[in-house]
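Worksheet: the structure to be examined is printed underneath.
Every chain is numbered from 1 and lettered A, B, ... according to where its sequence line falls, protein lines coming before strand lines.
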Protein chains: 2
Amino acid sequence: MFSKACEYGIRAALFIAQESLNGQRVSLKAITAEIDSPDAFTAKILQLLARNEIIVSTKGPNGGFEIDKKKIDNIMLSEIVDAVDGDSIYKGCGLGLKECNADKPCPLHNRFVLVRNDLKKMLEGTSLFELATGLETGLTFLKR
Amino acid sequence: MFSKACEYGIRAALFIAQESLNGQRVSLKAITAEIDSPDAFTAKILQLLARNEIIVSTKGPNGGFEIDKKKIDNIMLSEIVDAVDGDSIYKGCGLGLKECNADKPCPLHNRFVLVRNDLKKMLEGTSLFELATGLETGLTFLKR
DNA sequence: TTAAATTCGGATAGATTTGTCTTAAATAGA
DNA sequence: TCTATTTAAGACAAATCTATCCGAATTTAA
């Protein structure tokens, strides 16, 4: 469904959000240890999120990554997916046709848009904050 | 969502189904011309579908591919997806965790399974026959 | 029996995604 | 200022997915 990069991106963002809510900035090492992801590859994805102003990166000793506390309940999963995977999930025909729309649909079009719109709504309606609280209370996990 | 291979596989199967309903066996060339896909790669995918007994292949002059007429309304999209892409769409965590279930869920688990179950139901509830009729009546398309 | 048509199967090649390495840049603190 | 720490950025490498090529096998028909 999502690319590996996107999976790491969401998991990293959630951990950063959780720590940011506690006033803690986190290092790359802390992130990859927590979400169990490859260091250098994860770093690339964090750069992407930083360039898209979803997270803030700070160099130097005690540097690392954080998210503006006030923004955390305003950052939707869709923004992260968009930054990492682009809009390919939302757009495009289920059967790979270039032109496929209600006027000239592929055989799967009508059924496919229903499912995909649900996915879209889910991503657009879910904030980092909502998901981070589950982590904080120990109800959900980012590893294994 | 689906791999390229799976997209070609579904499109090919739909065309074969449509022609089989008209009593016509179709060649690889006819298929790739109709669905606008790369010949050799499509051949590989058709081999997969044949090995999974979704389609029947015949060698030699006037050979080609067909689907047992009686089976066409009994073959669900899920079978094709399964043959080509495996069960990765149905199983597996949205965030890529190896262990993720209701007992030890990732933060996205509950929302994700809702969407994915809809996809699963859609694929399991849609037969080649249903989709082929749209093609036959000119309401839907397999190209562009 | 021979030739032509067609799929099968393995090897190979190209493209994309995933992942690593190395050096540079920035920053904090001694 | 110097050093240690940390992220940034680009080059490179490995793995996977997509696609091609070619000879073998099968079948039909002349």
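Atom P of nucleotide D/dT18 and atom CZ of B/R11 are separated by 13 Å, given to the nearest angstrom. Taking atom CG of A/D85 as the reference point, atom P of C/dT16 lies 15 Å away to the nearest angstrom. Here the P atom of nucleotide C/dG9 and the CG atom of B/D39 are 18 Å apart, to the nearest Å. For A/K29 and D/dA4, the NZ to C1' distance is 12 Å, given to the nearest whole Å. The distance from atom CG of B/L28 to atom P of D/dT20 is 12 Å, rounded to the nearest whole Å. Distance, B/F41 CZ to C/dA15 P: 15 Å, rounded to whole Å. Rounded to an integer number of Å, the gap from CD of A/E7 to P of C/dT17 is 14 Å. In this entry the distance linking NZ of A/K4 with P of D/dC17 reads 12 Å, nearest Å.
For A/K120, the NZ atom counts as loosely surrounded, since its 6.0 Å shell holds 12 or fewer non-hydrogen atoms of other residues, nucleotides or ligands.
Looking only at atom types and distance, the side chain of B/S3 has a donor-acceptor partner in the side chain of B/D85 under 3.5 Å away. In the model, A/S37 has no side-chain atom that pairs as donor or acceptor with a side-chain atom of A/T32 under 3.5 Å. Side chains of A/T133 and A/E136: a donor-acceptor N/O pair is absent below 3.5 angstrom, by distance only.
The salt bridge (Lys or Arg N to Asp or Glu O under 4.0 Å) pairs that include a residue from residues 17-36 of chain B are B/R25-B/E66, where partners are two or more places apart or lie in different chains.
In this structure, A/L97 is not a member of the same hydrophobic cluster as B/L123, with clusters built from ILVMFWY side-chain heavy atoms closer than 4.5 Å.
Residue-level contact check: B/L46 touches neither bases nor backbone, having no heavy atom under 4.0 Å from any strand. Base engagement by B/K44 is indicated by at least one non-hydrogen atom pair under 4.0 Å involving a base atom.
For the OP1/OP2 pair of C/dT18 and a distance below 4.0 Å, the side-chain nitrogens and oxygens of A/Y8 include no atom meeting the criterion.
Between the side chain of A/R11 and the backbone N or O of B/L95 there is at least one donor-acceptor pair closer than 3.5 Å.
The stretch residues 47-66 of chain A touches DNA chain C through A/K59, A/G60, A/P61, each having a heavy atom under 4.0 angstrom from the strand.
For B/P38, the listed nucleotide lying nearest its side chain is D/dA19; candidates were D/dA9, D/dA19, C/dT18.
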